[in-house]
Amino acid sequence: MKGPVFTLKGVRKVFRTGEEEVKALDGIDLEIRRGEFVVVVGPSGSGKTTLLNVMGGIERPDDGEVWFMGRRIDTLPEGELSDLRLQSMGFVFQSHNLIPTLTAEENAEFVLFLRGVPAKERKRRVREVFSALGIENLAGRFPSEMSGGQQQRVAIARAVVGNPAVVLADEPTANLDSENTVAVVDLMLRINSDSGTTFVLSTHDPLVIERAKRVVKMRDGRIVGRG
Amino acid sequence: MLLLLAWRNLRRNRRRTLLSALAILLGVLFLILTLEMYDYLLVRSVEESLGTVRGHARVVRRGYLKDYSPTLTLDSLPVSIRKDPEVVSYAPRVRAFVLLSGKEGDGGAQVLGIDPEAERRVSSLLSTVKEGEFGTVALGRGLANLLGVGVGDTVRVVKMGGLGWEMEAFPVKGILETGNPGQDAYLALGEIEDVRRMTGIREGYHEYVLRLKHPFLALKWKESLKVPKGYEVVVWQEDMRGIWEIVRLWWVFKVIMAAFFYPAVLLIVFNTFAMAYYERKREFAALLAIGIGRWRLFRMLIYEVMLLTFVSIALSVPLSLLVAYLLNRHPIDLSSVITNVRWEGLYISPVVSAALNPGNYVLSSVLMLLGAFAFGIAIAVGVFRLDVSRTLRERVI
Amino acid sequence: MMWLKLAWRNVWRNRLRTGIQSLLIGGTVYVGVVFHNLALGNYRSMIRQATRMGSGDVAIYDTLWFSTRRPSRFYSVGPLRKLLHTPEVRAFYERLYLPAFAYVGLMGFPVNLVALDMRKEAADHPLLKGHRPSGEDGAILGRGLAERLHVRKGDRITLTVRDAKGELKALPFTVDGILDVPIREVDCCSIFGNIGYVRRSLGYGDGAHEVAIMLKGESPERFARKINRRLPPNLKAYTWKEAMKELVSAIAMDYSGLVLMMLFLYVVVSIGTANVLFMSVMDRTREFGVMRTMGMKPRHISLMVALEGLLLGTFATAVGLSLALLTNLYLSTRGIDLKAIYSLLSQEGMTYGGVVLEPVIRSTWEWKGTLGYSLFVVLLSLFASYFPARYVSGIPVGEALRK
């Protein structure tokens, strides 16, 4: 039996703008197991992004507990959270994922650099991942020289280059056409099945949902359905 | 309306606006204070120099200043000069060049015979007596040191008489310090009668020293003055040509100082506004698309630059004035650390203070406004070249 | 290397912005270095002139003469001569300074009689350069004094001066030359005569008030210390800084003005650097959020911004310094000719601190100040980056990502 990667218990998060209060997460209980490919779906403002941010330690919940690989992370200090993200998590966002002043290859290499991996080893692993993902031709390009789809592929390569336990992807295909959407999701699915990396994606794109192995439906900060 | 929009735009990126305003504020403050300090040094040195021996102007018998011939005397100040409205006061003087002999040695001296009552109205010569009192003779500090005498001692005046060397003894009544050690090494004061005796004349004076209403306009005054035949009027500008030229061209120095500080400040302002312009290019294109008009947009950008500059200056000027006022009230005297310095015949005391010259505030503000205006135009002129449709299609940087 | 690469590329993301700030920083370094070396070049020329005319690099005085200038405080230089025949000494000059009274007929003026070895000093003394005395009683005097006394070259003048015993004596001179010098003390009141003639006529033996020592390159302070150990208690060796306090003050006053102005400029430029870095980090808030999700710690981001400030400062300084050095190369060989400006201000020449200013200013190569200025600017850029760096490290990740 595979153990849980994430366990969320009664997680709440409220955002305040002026006098208005928005309940982004309203009592979320969720467990995600190792190797799963989970898609969080729901309309805009349903709390998908906040859920992923809370799981990644980017936001702290106002209430409840967030456990990652058997360790409670919502109370961890900032430095330890950074270490955790560096060692065990990968992130892919909707756009502007890459550092514009680094080439595709350097973007991926940067994660390994932060981990203190020696330069030779970094280069070897980046080359390996790029070739596995079929994006060797993009290695020397800067983000401004790539299309949106190409940028997302490089972002995925960067997210997985350090062999993280989990990749959190917040609407990774939102800015892509259908052809690129399918290609990017298939790429994630391939990595998931090849290396067993857990993927948690948020989306409202049917093309992504129909490829999901597990779907979590959200509305108004609550989970309203699981598949 | 445009002004209001400009103000709101400035508030959009407060940190950037504040830093640019700070740069302008400090730039203007630094320039004003620097000019105030230099003005103080120059004006004070000139005034001090004129206020003791030199005076604003001197009236002498024609030819006297060439060789100081003791016989070239005048009895009284010509009425045309005495009654001139520009002349505030005047005092007669007699001058003798003598060899003084003291306990420890001899020294050549220029002894000025003065009338204390009249002199007080013209110069501060009497207030330079720091030890003892005025009388025949009061010696410059350096001269007293050279002769090895102090108040109460006696010095002998050695002069060439018809029968060879003649000596006359005088008590040392006082010691004076004019602030110019070079001058103190040969200057002495005495009663007119005594000094006449030293120089061998029985009556008359060698010069009249004048105090003028507007010393800096003395040259002009002299031009309009009708000097009676046989007399000569010398104003301080002729005595101290180097310094007068420096005073005359002082404004050039001020502009050079501005050229030293302001480009740096203006480049910061330029940088800020250039960035603000590029960030808002799409917004400008949209405004142009709805028909706001390029000229109006141009004006709005100029308003932004000028508003920022104006507000910063408005804050800077009172602040500068406050610092200058405090410096003026409490000058920092560095004379224990560094000595006075001669500069073209002036003695500059190392005192940090401020002149409180309104011209410095006006000049600094106007130059900054002009600079900001020029830089503002350099940026705002971009709206006339803005390609609306292309900019609207462009991604925002 | 990765950090450097990233920081360098970040610095140049907005070329206009960085270019302008580089111009500002580089310009400050340029102005600082050029002015520093030019000012020091000018001071060196002033010092050279003053030491040759006055105290030399080191001068030996009777301590009481030094404070009072009393002519009776002269000393015998015989024992000193041997002491000064050392490899460090290039030349030394013996001088007597006597207050005197110059007479032509019944007209008299107080003057300073400066008795020196005219032939020997012609090599160094700026006023006596090229002068060949016609006879042992030859004298040179300032134009102002000559006019007062109505004398011309070849005329005779008589000075009334005390001899070594304190008796008044009449000492005749032949006017050998008239000097056009803007220094008032020389113009109106100095007469240069031969020391041999004065000594013999007034019974001064081998006496002098001053022995001005020109060194070959030895530090005046070290030499003065060394020689002071061997001097009798009434004599003391003074370095030119001790002997010519006014010149030291003149230089200090002038240079502190420059330093003050540079400091003002540095403050303004630092604000500019902080402004540019702030603009830069504000533009990149979301990017910092992404970096944080990659595992970068707040201090990494702060360090990166600080590195950007440092790189910007270093680059601009390097450019400014290079240009300044090129300019200095020109100014140290060709110099700036201020003749036109000086003649506008004063026909006789400009004087400052008792020294006639050279109309052509040549800069020098003073590396300590040059590198100090440059390093200071680089450090200031680093300092200016502190605030934006601190600011970015404080932005919460989630908030940064929402930008």
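What's counted below: heavy atoms across the whole structure, side chains too, no hydrogens, waters or symmetry copies. This one's a predicted model, so the numbers in the text were calculated from it and none came from an experiment.
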Under 4.5 Å heavy-atom distance to chain C, tell me which part of [X] shows up: side chain, backbone, both or neither.
X      : value
A:L114 : side chain
A:R158 : side chain
A:E109 : both

Around [X], counting heavy atoms of other residues, nucleotides and ligands shown, do more than 12 lie under 6.0 Å from its [atom1]?
X      : atom1 : answer
C:R390 : CZ    : no
C:R334 : CZ    : no
C:F383 : CZ    : no
A:R60  : CZ    : yes
A:R190 : CZ    : yes
A:F15  : CZ    : yes
A:E121 : CD    : yes

Original post:
Which one, A:T49, A:T50, A:D83, leads in non-hydrogen pairs under 4.5 Å with chain C?
Top reply: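 Top option by heavy-atom pairs under 4.5 Å: A:D83.
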Original post:
Counting heavy-atom pairs under 4.5 Å to chain C, which of A:N53, A:V111, A:I99 comes out on top?
Top reply: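 Top count of heavy-atom pairs under 4.5 Å with chain C: A:I99.
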**OP:** Hey, could you give me the CD/CG distance between A:E59 and C:L401, rounded to the nearest 0.5 Å?
**Re:**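 A:E59 atom CD to C:L401 atom CG measures 8.0 Å (nearest 0.5 Å).
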Original post:
Taking all non-hydrogen atoms of both residues, which atom of C:M2 and which atom of A:E106 are closest, and how far apart?
Top reply: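 So the two residues come closest at CE-O, 3.5 Å.
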**OP:** Residue by residue, scan residues 278-299 of chain C and write down, ordered by number, those that have a heavy-atom distance under 4.5 Å to chain A; if none do, write 'none'.
**Re:**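 Interface residues of residues 278-299 of chain C: C:R286, C:E287, C:V290, C:M291, C:R292, C:T293, C:M294, C:G295, C:M296, C:K297, C:P298.
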Subject >> C:W8, part contacting chain A, at a heavy-atom distance under 4.5 Å >> reply: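 Contact with chain A: none, neither part.
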**OP:** Compare all side-chain heavy atoms of C:L6 with those of A:F110 and state whether any distance is below 4.5 angstrom.
**Re:**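 In contact.
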